[in-house]
Each structure stands twice: as C-alpha cells, then as structure tokens.
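Start at 1 and go down the list; that is how both ligands and their atoms are numbered. We number each residue from 1, following the sequence as shown. Since we're looking at a predicted model, the values are computed, not measured.
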Amino acid sequence: MNIRMDNLIRAIAVALDIVEGELLGASANHGKRLAVLTAAMGRRMGMGDEALSALASCALLHDNALTEYILSEREGREQDHNMKLHCVIGQRNVETLMFQTDISGFILYHHERANGSGPFGKKAGEYPWGAELIGIADLIDVTHRLQRVGADRLPLLRQNISDKTGVIHTPFAAEALLAVLDEEMLLSLGDDRIADTMDKAIPPWTVDMDSEVILNLAGFVSHIIDYKSSFTRRHSAGISDKAWIMGNYYGYDHTLLSELYLAASLHDIGKLATPTDILEKPDKLDDNEFRIIKDHVRKTYDMLADIGGFEKIREWASNHHEKLDGSGYPFGKKGDELDFNSRLMACIDIYQAVSEERPYHPERDHQTTMKILYDMAGKGHIDEKIVRDMDKALDIHEH
Ligand SMILES: [Fe+2]
Ligand SMILES: [Fe+2]
Ligand SMILES: [Fe+2]
Ligand SMILES: [Fe+2]
C-alpha cells in the first residue's frame with residue numbers, strides 16, 4: 001500500500017507551524033509558504049521532481065527540532081548552543097527520510113548569513129544552496145509576513161531584499177527569490193490560497209507503507225511530539241514500541257505492523273497545538289483547561305485528514321481516548337464503533353501513561369500498571385481480552 005508522503009509531511013508541518021507560532025510568533029502556513037517559494041526557485045533553476053520534493057520537504061520541516069531546542073533551553077541546558085542546536089538536530093532528523101537528492105546542510109545552515117554572522121559563522125559560498133534558499137524564504141516570510149503583503153508594497157519588499165544582499169542574503173539566494181517573487185506569487189501565498197498553490201507547486205511523493213522511510217518518519221514525529229513537554233519525553237516513542245510488540249504478538253504482517261506503529265507515533269500529534277503552559281501546569285486544571293487538553297485528540301483527527309491511504313491510521317490514532325462504554329472522548333464512541341486496533345491503542349496509551357513517570361505519579365512497574373488496567377477493564381472501559389494479552393506480551397519485555 002502506498003502513502004502520500006508529501007501530504008503526511010504537510011500535516012506534520014502544520015503542527016510545527018503551530019509550535020513555531022507559539023514559541024517564536026511565526027504565522028499560520030509559514031512552512032507551506034517556504035515550501036512554495038523554495039520549490040518555485042528550484043523549478044526555475046531546472047530542478048527535477050525528486051530534487052524539488054526533497055527541497056520542499058526540508059523547507060516544510062525546517063524547524064522540526066524546535067520543540068527539543070526550546071525544551072532544553074527552558075531547562076537551562078544547552079544555552080551556549082543558541083540557535084545551533086535546533087539546526088543540528090533538525091538536520092539529523094530530516095536525514096532519516098532518505099531522499100535521493102543530497103540535502104546535506106540544508107537545515108543545518110538555514111540560519112547562516114552571507115556575512116558570516118549566523119550561528120556557525122559560515123559566509124556566502126560556504127554553505128549549501130538548499131540552506132540559502134530555505135534561509136532567505138524563512139527570513140523574508142517571518143519579517144515581512146508575506147501572507148499579508150499587498151501588491152503595492154512589492155517594490156519596497158524587493159528593494160529591501162536587494163539592500164541586504166551580501167550582508168544577510170547570499171547573492172545566489174537573493175537572485176533566485178527576486179526571480180520568482182512577483183505579484184502573482186505574492187497573491188498565491190495568502191492564507192486562502194496557499195493550500196492550492198502548494199498542491200500545484202510540489203510534486204507528489206508516494207512511498208510504500210512498510211518502507212524504512214515510513215518507520216523513520218514515525219520515529220521522527222514522535223520525537224517532535226514528545227519534546228513538546230518535559231513530562232512526556234518518551235510517551236509517543238514508548239507507545240510506538242508497545243504497539244510494535246503487540247502487533248508482533250498478534251502475528252500482524254509487516255504492512256499492518258507499520259500502520260499500527262505509525263498510528264501510535266501520531267496519536268498525540270494534536271498536543272503540538274496545545275499550549276505548553278497548560279500541558280505542563282503543575283496544579284489542578286480548571287474545566288476550560290481540561291477541555292483544551294482533551295481537544296488534542298480532535299486536533300489529531302483534523303491534522304490527519306486528507307492523507308491518501310491514511311484512513312485506518314487516522315482512525316486508530318484518534319480513537320485512543322475512547323472507552324467501550326461511551327464515556328471517552330472526543331466522539332464518545334461505544335464498543336461496537338471501536339475496531340480492534342482502536343481498542344488496542346486505547347489500552348496501550350493507558351499502559352504507557354500509567355507506567356511512565358509523571359509529575360503526579362512515579363514510574364510504575366508492569367504489575368502495578370496491570371492492576372490499574374484490569375480495574376478499568378472490570379469497569380467496562382477497556383477491552384479485557386486485550387488487557388490480558390498485554391499482561392503476557394509486555395511482562396516478558398520488562399525483564
Ligand atoms: Fe530555524
Ligand atoms: Fe521558520
Ligand atoms: Fe492522548
Ligand atoms: Fe497519549
């Protein structure tokens with residue numbers, strides 16, 4: 001089965017935009033505008049589909065390591081690294097997607113400046129072309145808010161780019177951007193048109209469901225999500241691992257196993273859109289805050305819409321807080337509306353949350369965790385047969 005990888009990356013980029021918006025004030029669709037601009041520049045240079053797709057993906061994911069960088073900064077570590085850390089980790093993450101095009105340094109150097117004043121002190125000509133293109137698009141979009149620039153301000157904007165060439169922008173990047181930044185391009189970047197523009201600008205990229213790329217992407221996404229909050233550093237990764245173990249226990253073939261693994265890694269992607277101060281609030285949440293927390297599942301559901309080949313994965317990912325008796329959220333589905341893997345995902349999510357260390361409870365061992373799960377199964381919340389299977393399959397793995 002094939003998955004539209006470009007659509008999946010786009011969904012992740014939407015989540016990243018929200019994080020960048022929360023932390024750095026970037027606006028909605030920022031990643032998409034970067035993808036469109038870099039793809040337009042690349043196309044004009046005569047790049048083929050494969051290279052365009054790699055470049056646009058890197059543009060969409062340029063700040064994929066932002067959650068990790070901000071968290072380490074908040075915790076008082078890595079302060080000397082400044083911006084460097086999110087560049088280094090971001091590059092490492094994106095390289096797991098195994099592009100055919102050489103993307104070395106594209107994300108690593110996206111904050112370099114032509115005069116060498118960037119985080120790594122590289123001057124124009126010393127960092128790769130992909131980083132130059134992503135860098136100029138990023139900076140121009142953040143400083144000029146391209147989604148709102150009217151055609152009347154275009155000459156000023158172009159002048160501004162020219163003025164900073166050789167200091168901030170490399171001559172290569174400035175020339176490339178000025179060649180594509182006309183009135184028509186500007187209009188196509190507005191919030192109402194950007195999704196359409198992007199569909200036309202970026203070649204589709206499909207990959208086989210059980211390819212290594214998909215599994216790597218799953219690891220990549222859970223990493224981003226888990227670093228949103230220090231309380232959940234291993235949550236999505238732990239759930240993916242357990243989904244893999246349970247899928248194997250049930251004898252799933254590699255494709256089904258990959259689907260389950262991907263659903264597990266994505267289940268809390270909606271949390272990227274939940275404000276960090278609510279995720280990390282040490283005191284009891286009030287009703288409104290609790291409603292916002294619960295809303296993460298609906299956001300997961302929305303973010304995973306429109307990805308070709310993704311229907312089941314979306315279902316399993318967004319049913320993880322549903323209960324057999326209909327007392328769960330966000331849809332209040334009942335047992336007969338919950339397929340086996342949705343039930344499994346709910347059990348695994350509870351197992352992981354109960355066993356991992358949280359501010360309000362310590363780490364728990366397998367026995368203690370299972371007691372809580374059996375209790376919930378007894379109350380008709382979760383599937384008892386699955387709970388028994390987990391008792392067997394996960395016990396072995398703990399030792
Ligand atoms: Fe960045
Ligand atoms: Fe950015
Ligand atoms: Fe959740
Ligand atoms: Fe979760």
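Here Asp268 contributes OD2 and His267 contributes NE2, and at the Fe ion (ligand 4) these two atoms make an angle of 80°, given to 10°. Of the angles at the Fe ion (ligand 1), the one spanning NE2 of His111 and NE2 of His86 is 90° when given to 10°. Rounding to 10°, one obtains 110° for the angle at the Fe ion (ligand 3) between NE2 (His296) and NE2 (His320).
Checking side-chain atoms of Asp63 against main-chain N and O of Leu66 turns up no donor-acceptor pair under 3.5 Å.
Restricting Asp63 to its N/O/S atoms, the shortest distance to the Fe ion (ligand 1) is reached by OD1. With respect to the Fe ion (ligand 3), His321 has NE2 as its nearest N, O or S atom. Nearest N/O/S atom of Asp349 with respect to the Fe ion (ligand 4) is recorded as OD1.
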Determine, step by step, whether Tyr374 and Arg388 satisfy the side chain to side chain contact (heavy atoms under 4.5 Å, CB included) criterion, reporting the C-alpha distance in whole Å, the side-chain angles of both residues, the deciding distance to 0.1 Å, and the verdict. CA-CA 8 Å; Tyr374 277 120; Arg388 266 187 273 125; 3.6 Å; yes
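Electrostatic pairing of Arg10 and Asp199 counts as a salt bridge here, judged by a charged N lying under 4.0 Å from a carboxylate O. Electrostatic pairing of Asp389 and Lys385 counts as a salt bridge here, judged by a charged N lying under 4.0 Å from a carboxylate O.
Within the 4.5 Å cutoff, the side chain of Asp295 has no heavy atoms near those of the Thr274 side chain.
Taking a 6.0 Å sphere around CZ of Arg358, one finds it holds more than 12 heavy atoms contributed by other residues, nucleotides or ligands.
At a cut-off of 2.8 Å, His235 is counted among the residues with an N, O or S atom near the Fe ion (ligand 4).
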